[in-house]
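I have placed the structure first, in the form of structure tokens, so that the comments after it can refer back to it.
Basis for what follows: all heavy atoms, side chains included, without hydrogens, waters or symmetry-related copies. First listed ligand is number 1; within each ligand, the first listed atom is number 1. Remember, predicted model here, so these are calculated numbers, not experimental data.
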Amino acid sequence: MSSMRALVTGISGQDGAYLARFLLGKGYEVYGTYRRLSTPNFWRLQYLDIFEQVDLIPADLVDAASIMEAINISEPDEVYHLAAQSFVGASFEQPVGAGEITGLGVTRVLEAVRAINPRIRLYQASTSELYGKGNSDYQCEDTPFRPSSPYAAAKLYGYWVTRIYREGYSIFACNGILFNHESPLRGLEFVTRKISNGVAKIALGLETEMRLGNLEARRDWGYAPEYVESMWLMLQQRDPDDYVVSTGETHSVKEFAQRAFEVVGLDWEQYTKVDKRFLRPLDVEHLQGDCTKAREGLGWSPKVKFGELVKIMVDEDLGRWQRWQEGQRFPWDAPNYPSENRILSRTFALDR
Ligand code: NAP
Ligand code: G4F
């Protein structure tokens with residue numbers, strides 16, 4: 001029997017890399033789209049030691065022809081549409097780009113599926129950001145959406161267009177409404193990895209302080225390697241549907257920082273400063289998911305919870321910086337990333 005074929009858009013991202021590893025483990029032939037940047041960005045695939053096992057196809061979400069080409073070349077049974085401009089903060093700086101890439105990009109992928117092979121099963125990376133500001137205590141599939149950023153508005157469009165292609169063209173298309181999921185492969189702009197990397201550097205004397213924005217925001221943080229499994233499970237069901245994927249716990253950014261400093265035996269308050277440059281024009285204050293449907297329908301449940309997640313991330317960043325100081329060289333993002341304090345953006349400065 002020939003093996004299943006999957007196309008992962010955004011294979012160079014956190015979820016793309018973990019999903020590729022998961023699908024390879026299941027015996028899939030894995031193809032991934034990536035952007036032709038002036039400097040290639042494959043460190044996650046190299047870090048997981050799977051770079052040689054996936055086939056790469058250049059494609060950009062603003063270019064419909066390149067997406068058609070990716071589907072034509074890979075002839076997939078399943079498409080996992082993960083590519084997006086995924087940093088909420090950046091969507092305030094580049095709101096039109098958010099709509100083009102994160103919103104309309106979904107339609108370009110769906111159109112390519114419809115035109116080339118409507119039997120392809122498609123996963124759309126929807127998000128808990130759809131619920132937005134001022135929502136209910138727990139959020140499930142029926143909770144109303146109130147997007148609070150250009151990113152979330154674009155994702156809301158992606159959510160609905162996915163349902164429209166499912167109902168209108170009978171395409172097996174699912175929305176995974178995934179709550180925040182983190183890992184040592186998380187991008188450095190996101191608060192969890194910013195903290196784990198910052199704490200590691202402070203513990204080793206490479207930095208003296210950490211600057212953060214809204215410490216009161218609460219998130220339902222899970223572990224990314226577990227979350228990618230739920231994507232695959234959605235596409236193995238008899239019928240397409242939408243599912244919330246979450247841990248059911250919520251913690252503040254402050255708690256995350258506190259716990260991360262505890263891992264290295266330091267007091268978070270001595271090193272953490274609030275910097276209004278990292279406050280957003282609008283922020284989501286509370287996310288906490290109810291994943292009963294995924295638990296019962298997919299048999300999926302989270303195992304790694306908050307305390308363990310923080311420790312995994314801090315330990316990994318600490319180990320990386322220690323190895324780096326000893327002269328070891330390996331694929332990794334942090335040494336090349338400038339301090340965020342060097343980035344100028346009016347969006348975040350409130351002195352306007
Ligand atoms: P990520 O690490 O930021 O990865 C995003 C991927 O999209 C990267 O491979 C990136 O390529 C690619 N990309 C960006 N713009 C593109 C464009 N114009 N054309 C083609 N590719 C483009 O994000 P992630 O955390 O893995 O998240 C995966 C998906 O799940 C995203 O859609 C995100 O919005 C969604 N999501 C994430 C979470 C979470 O907590 N992680 C929760 C809910 C939903 P480069 O490497 O070239 O930048
Ligand atoms: O880590 P964040 O940037 O993630 P955010 O905005 O929740 O978005 C992530 O999760 C979504 C799922 O809910 C995904 F759809 C999305 O693609 C992305 O993966 O920020 C988390 C919270 C925010 O309230 C932010 O204001 O942390 C707060 N925060 C406080 N200080 C900070 C900082 N966020 C960042 N990035 N940097 C700070 O210094």
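Polar contact with ligand 2: absent for Leu178 (N/O pair, distance under 3.5 Å). Geometrically, ligand 1 and Arg44 share no nitrogen or oxygen pair separated by less than 3.5 Å. Taking only nitrogen or oxygen atoms, main chain and side chain alike, Thr192 does not reach within less than 3.5 Å of ligand 2.
Of all atoms in ligand 2, listed by their number and element, those nearer than 4.0 Å to a heavy atom of Thr127 are 11 (C), 12 (C), 13 (O), 14 (C), 15 (F). Atom numbering of ligand 2 starts at 1 in the shown order; those under 4.0 Å from a heavy atom of Ala217 are 24 (O). Near Glu129, with a cut-off below 4.0 Å to any heavy atom, the atoms of ligand 2 are 7 (O), 11 (C), 13 (O), 15 (F). For ligand 2, the atoms sitting less than 4.0 Å from at least one non-hydrogen atom of Val88 are 6 (O), 8 (O), numbered in the order shown with element in parentheses. Taking a cut-off of under 4.0 Å to the non-hydrogen atoms of Val253, the atoms of ligand 2 that pass are 27 (O), 28 (C). Residue Asp283 approaches ligand 2 through these ligand atoms, each under 4.0 Å from one of its heavy atoms: 23 (C), 24 (O), 25 (C), 26 (O). Close contacts of ligand 2 with Lys194, meaning ligand atoms under 4.0 Å from a residue heavy atom, involve 38 (C), 39 (O).
Nearest to atom 7 (O) of ligand 1 by heavy atom, out of Ala84, Ala59, Gly13, is Ala84. The option from Asn180, Leu178, Asp220 that lies nearest to atom 43 (C) of ligand 1, judged by heavy atoms, is Leu178. Which of Ser12, Ala83, Gly16 comes nearest to atom 10 (C) of ligand 1 through a heavy atom is settled by distance: it is Ser12. Considering only non-hydrogen atoms, atom 31 (C) of ligand 1 lies nearest to Leu82 out of Thr33, Leu82, Val245.
Of all the heavy atoms of Ile101, the ones lying under 4.0 Å from any atom of ligand 1 belong exclusively to the side chain. The side chain of Asn41, and not its backbone, has at least one atom closer than 4.0 Å to an atom of ligand 1 (non-hydrogen atoms only; side chain from C-beta on). Neither the backbone nor the side chain of Lys155 comes within 4.0 Å of ligand 2, counting heavy atoms alone. Under 4.0 angstrom from ligand 1, there are no non-hydrogen atoms of Tyr34. Contacts with ligand 1 closer than 4.0 Å are made by no heavy atom of Ala224, backbone or side chain. The residue Glu182 has no part lying near ligand 2, judged by heavy-atom distances below 4.0 Å.
Using a 4.5 Å cut-off on side-chain heavy atoms (C-beta onward), Glu78 and Leu7 make no contact.
Heavy atoms of Ser126 come nearer than 4.0 angstrom to ligand 1 in at least one pair. For Arg186, the closest heavy-atom approach to ligand 1 falls below 4.0 Å. At least one heavy atom of Tyr151 sits less than 4.0 Å from an atom of ligand 1. Remark: distances from the non-hydrogen atoms of Arg186 to ligand 2 include one below 4.0 Å.
Contact detail for Trp300 and Ser246: the closest heavy-atom pair is CZ3-O, 3.5 Å. Between Ala20 and Ile11, the shortest heavy-atom distance links the atoms CB-CD1, 3.9 Å.
Counting protein heavy atoms only, atom 48 (O) of ligand 1 is closest to Arg35 NH2, 2.6 Å.
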